[in-house]
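The next block holds one structure in the form of structure tokens; read it before the comments.
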Amino acid sequence: MGAARPGRGRTALSDPSEPDRALIGQIRSAYEGSAQEWAAGPAEVYRRLAAALIDAAPFPLDGTRVLDLGAGTGVASEILTEQDAAPVGVDLALAMLAHERARRPPGVVADAQALPFRNGVFDAIVAAFCLNHVPDVVGALVQCRRVTRVGGVVLASTFPSDDEHPAKEAVEAALKRFGYHRPGWYRALKDRLVASSGDAPALEAAAHAAGLTDVRVERLEVEARLDHPRTAVEWRLNMPHTVGFVAALAPEDRTALHEEATAALSGDLPSSVAMLVLRAQVAGSPTG
Ligand SMILES: C[S@@+](CC[C@H](N)C(=O)[O-])C[C@H]1O[C@@H](n2cnc3c(N)ncnc32)[C@H](O)[C@@H]1O
């Protein structure tokens, strides 16, 4: 595992603007600092979402080589390995890939907008909640298309921006009572990146613009056991945009925050979460 340079044969590499480069750097730092917490909290929810995304594959993935893009602490890779696929993880943050490294498949530190692989080397891409962090979604999808063989598939998930699970607002309201403000990078991500990647027609248009074919974007409701307040609280308080704030609280305030957030969620919470699934094929020659 290690940092890598974009591979030979890359085409249409997106060149981020200075503000986008800065935003990518801030997103990287946030994930570098929260791998353990991610694995202890959000990963439980994201594992179920990754399973639903992988289920959307149009052909069995056993025996295939799959790029787990934005692999994080490895929930999608784990499911792919159980299905006898051969995943390779890519992530912007070394700490996310390094988590439990010994039991993980190979991993490469890289940006989705500059994949360090040759043309057509993967049978499938699984990008679980990665595109919603990428300033240039079309550029990232062009890269996905380039590194996937003809006949291969690109699968990607995002959260629909018009349908947020109520735990998000309730836990954020509790956080604010303790003085929390969204970090700047997260505001930029929510206002711009999530707003566009979380819109089904925009995601579909981005896939077409990237030259993918048979493009479908579906909205799924995935059972994630979020009706358990503890699961929902651990999900929200261990996110990269909250974890630093929570860690800096005095121990008694941290306990009080957990109690307040849990109490705020003890009503009727939906157990499922809505997710957009992009599924697209690679046709023709993978030249970008
Ligand atoms: C929401 S987490 C999802 C992690 C994992 N796929 C899962 O479902 O648990 C997003 C991941 O994408 C990574 N990421 C963010 N921007 C990226 C980029 N431009 N290129 C590659 N990875 C990126 C983050 O470091 C983080 O690990």
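Numbers here simply count residues along the sequence, with the first being 1. Remember, it's 1-based here, ligands and their atoms both numbered in the order they're listed.
- Shown here are the side-chain hydrogen bond (donor to acceptor under 3.5 Å, both in side chains) partners of Glu44, two or more places apart in sequence or in another chain: there are none.
- Ring geometry, Tyr46 versus Phe129: the interplanar angle exceeds 60°, so the pair is classed perpendicular (tilted spans 30 to 60°).
- Applying the side-chain hydrogen bond (donor to acceptor under 3.5 Å, both in side chains) test to pairs two or more places apart or on separate chains, those with a residue in residues 206-222 are Asp162-Arg219, Asp163-Arg219, Arg216-Glu218, Glu221-Ser272.
- Checked options Lys190, Arg182, Arg236, Arg177; the residue passing with Glu172 is Arg182 (criterion: salt bridge (charged side-chain N to carboxylate O under 4.0 Å, His left out)).
- Residues of the protein with a heavy atom under 4.0 Å from ligand 1 are Ile27, Tyr31, Trp38, Tyr46, Gly70, Ala71, Gly72, Val75, Asp91, Leu92, Ala93, Met96, Ala110, Asp111, Ala112, Ala128, Phe129, Cys130, His133, Val134, listed by chain and number.
- For Phe245 and His181, the ring centers sit 6.0 Å or farther from each other.
- Here side-chain hydrogen bond (donor to acceptor under 3.5 Å, both in side chains) pairs that include residues 59-71, with residues two or more places apart or in two chains, are Asp68-Ser77.
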